[in-house]
Amino acid sequence: MQEKSQMSILIVSAGEKATALLTQLLPPQEFSPILSVHTVGEARRMLVDRPFDILIINSPLPDDFGVQFALETAQTQSCGVLLFVKAELQDAVSHRVEDYGVLTLSKPVNRQMVFQSVKLLVATRQKIRALEAKASTLQSKMEEIRLVNRAKLLLMEHMKMSEPEAHRYIEKRAMDTCVKRREIAENIIKTYNN
C-alpha cells in the first residue's frame, strides 16, 4: 500500500473569513502547504510557478466570477477543483462544470460537506497520481522498445544480422555489461547514425 503524501492546496477567495474557515478545516498533517490568494490573476500566476493538488475557489472574485477559471484549471492542470457558489446559482453552475470534474458546493457551506468534498478530491487526486505514474512507466517502456527496435534495424542493415541475431546481440551486451537494453540501443544508434 502506498504511503499517503500531503496534499497541496490553493485557496482563491476574496474574503479572509472564508479562507480562515477553510484553513481551519484542513488538518496540517494531511494538507501542506495551504496557500491563499484573493484574485484569479494571482491564482494563475501561482499555478504557473508550481502545481497544486487541490484548488478551492470561493466565487465571486474581484476580477472574475471564478467559473471560467475553474473550467480552465480543470482542463489544463491535474488538480481537483472545488467551487463555492451562491445557493441560487448552484444548479446552473454545477451543470456547466460537472463534465470537467469540477465539484460545486452552495454557500453558505456546511463544514462537514466541505470536509467530505475535500476528502473526495483527495481520493480522486491519489487515483490520478497512481494513473500518472503508471502512464509514465508505460511510456518509458514503449520508448525503450522503440529504441531497441531501431538499434536492431541498424544492426540488420550495417552488420547483416537477422532480427533474432540483432535481438540476442543487444540482450547479451546488456547482460555482459550490466546495463539496460536502452543504453545499449542508444549506443548502437549513436554509432551508426554518425
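Source: prediction; values computed, not measured.
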Using residues 36-45 as the side-chain source, report each donor-acceptor pair under 3.5 Å to any protein atom, sequence neighbours left out, with the distance given to one decimal.
| unit_1 | atom_1 | unit_2 | atom_2 | d |
| --- | --- | --- | --- | --- |
| H38 | ND1 | S13 | O | 3.2 |
| H38 | NE2 | E16 | OE2 | 3.0 |
| T39 | OG1 | E42 | N | 3.1 |
| T39 | OG1 | E42 | OE1 | 3.2 |
| E42 | OE1 | H38 | N | 2.9 |
| E42 | OE1 | T39 | N | 3.0 |
| R44 | NH2 | E72 | OE1 | 2.5 |
| R45 | NH1 | G41 | O | 3.4 |

Would you be so kind as to tabulate the donor-acceptor pairs closer than 3.5 Å made by side chains of residues 100-107, with sequence neighbours excluded?
| unit_1 | atom_1 | unit_2 | atom_2 | d |
| --- | --- | --- | --- | --- |
| T104 | OG1 | Q90 | NE2 | 2.9 |
| T104 | OG1 | S94 | OG | 3.3 |
| K107 | NZ | N58 | OD1 | 3.0 |
| K107 | NZ | S59 | O | 2.3 |

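Interatomic distance, L89 CG to F65 CZ, rounded to the nearest 0.5 Å: 5.0 Å. Here R125 contributes atom CZ and I9 contributes atom CD1; the two are 12.0 Å apart, rounded to the nearest 0.5 Å. Separating the CE atom in M7 from the SG atom in C79 is a distance of 11.5 Å, to the nearest 0.5 Å. With values rounded to the nearest 0.5 angstrom, R168 atom CZ is found 6.0 Å from E165 atom CD. A distance of 12.5 Å separates CZ in R173 from SG in C178, rounded to the nearest 0.5 Å. Once rounded to the nearest 0.5 Å, the distance linking CG of N193 with CD1 of I188 reads 11.5 Å.
Listed by first and then second residue, the salt bridge (Lys or Arg N to Asp or Glu O under 4.0 Å) pairs that reach into residues 175-188 are E144-R181, E171-R181, K172-D176, R182-E186, sequence neighbours excluded. Residue pairs meeting the salt bridge (Lys or Arg N to Asp or Glu O under 4.0 Å) criterion with at least one member in residues 86-99: none, sequence neighbours excluded. Among residue pairs with one or both ends in residues 149-186, those qualifying as ring pair (Phe, Tyr, Trp, His ring centres under 6.0 Å) are H158-Y192; sequence neighbours excluded.
In M156, the CE atom is crowded: over 12 heavy atoms of neighbouring residues, nucleotides or ligands sit closer than 6.0 Å. The number of heavy-atom neighbours closer than 6.0 Å to CD of Q29, taken from other residues, nucleotides and ligands shown, is above 12.
Other members of the cluster containing V48 do not exist, because no ILVMFWY side chain is joined to it at under 4.5 Å.
The hydrophobic cluster containing I56 does not contain V85, counting ILVMFWY residues as joined when their side-chain heavy atoms lie under 4.5 angstrom apart, directly or transitively. By the criterion of side-chain heavy atoms lying less than 4.5 angstrom apart, applied directly or through intervening Ile, Leu, Val, Met, Phe, Trp or Tyr residues, V122 is not grouped with I57; the two fall into different hydrophobic clusters. There is a path of hydrophobic side-chain contacts, each under 4.5 Å, that joins I34 to L21. Two different hydrophobic clusters hold I54 and L35 under the rule that ILVMFWY side chains link at heavy-atom gaps under 4.5 Å. In this structure, L61 is not a member of the same hydrophobic cluster as L82, with clusters built from ILVMFWY side-chain heavy atoms closer than 4.5 Å.
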Practice task
Just do the side-chain contact (heavy atoms from CB on, under 4.5 Å) check on V81 and F69 with the steps written out, would you?
Solution key: CA-CA 10 Å; V81 180; F69 175 59; over 6 Å; no
Exercise for the section: Assess whether side-chain contact (heavy atoms from CB on, under 4.5 Å) is satisfied between D53 and F31, documenting all intermediate values. Expected result: CA-CA 10 Å; D53 295 303; F31 303 100; over 6 Å; no
Exercise for the section: With side-chain contact (heavy atoms from CB on, under 4.5 Å) as the test, would you mind laying out the steps for I11 and T23 before giving the verdict? Expected result: CA-CA 9 Å; I11 300 170; T23 304; 3.9 Å; yes
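Using a 4.5 Å heavy-atom cutoff, the side chains of L71 and Q68 are in contact. Between Q139 and M142 the shortest side-chain heavy-atom distance does not fall below 4.5 Å.
Figure legend: cation-pi geometry between R111 and F115 absent, as NZ or CZ is not positioned both under 6.0 Å from the six-membered ring centre and within 45° of its axis.
Classification of E30 and K119 as a salt-bridged pair holds, one side-chain N sitting under 4.0 Å from a carboxylate O.
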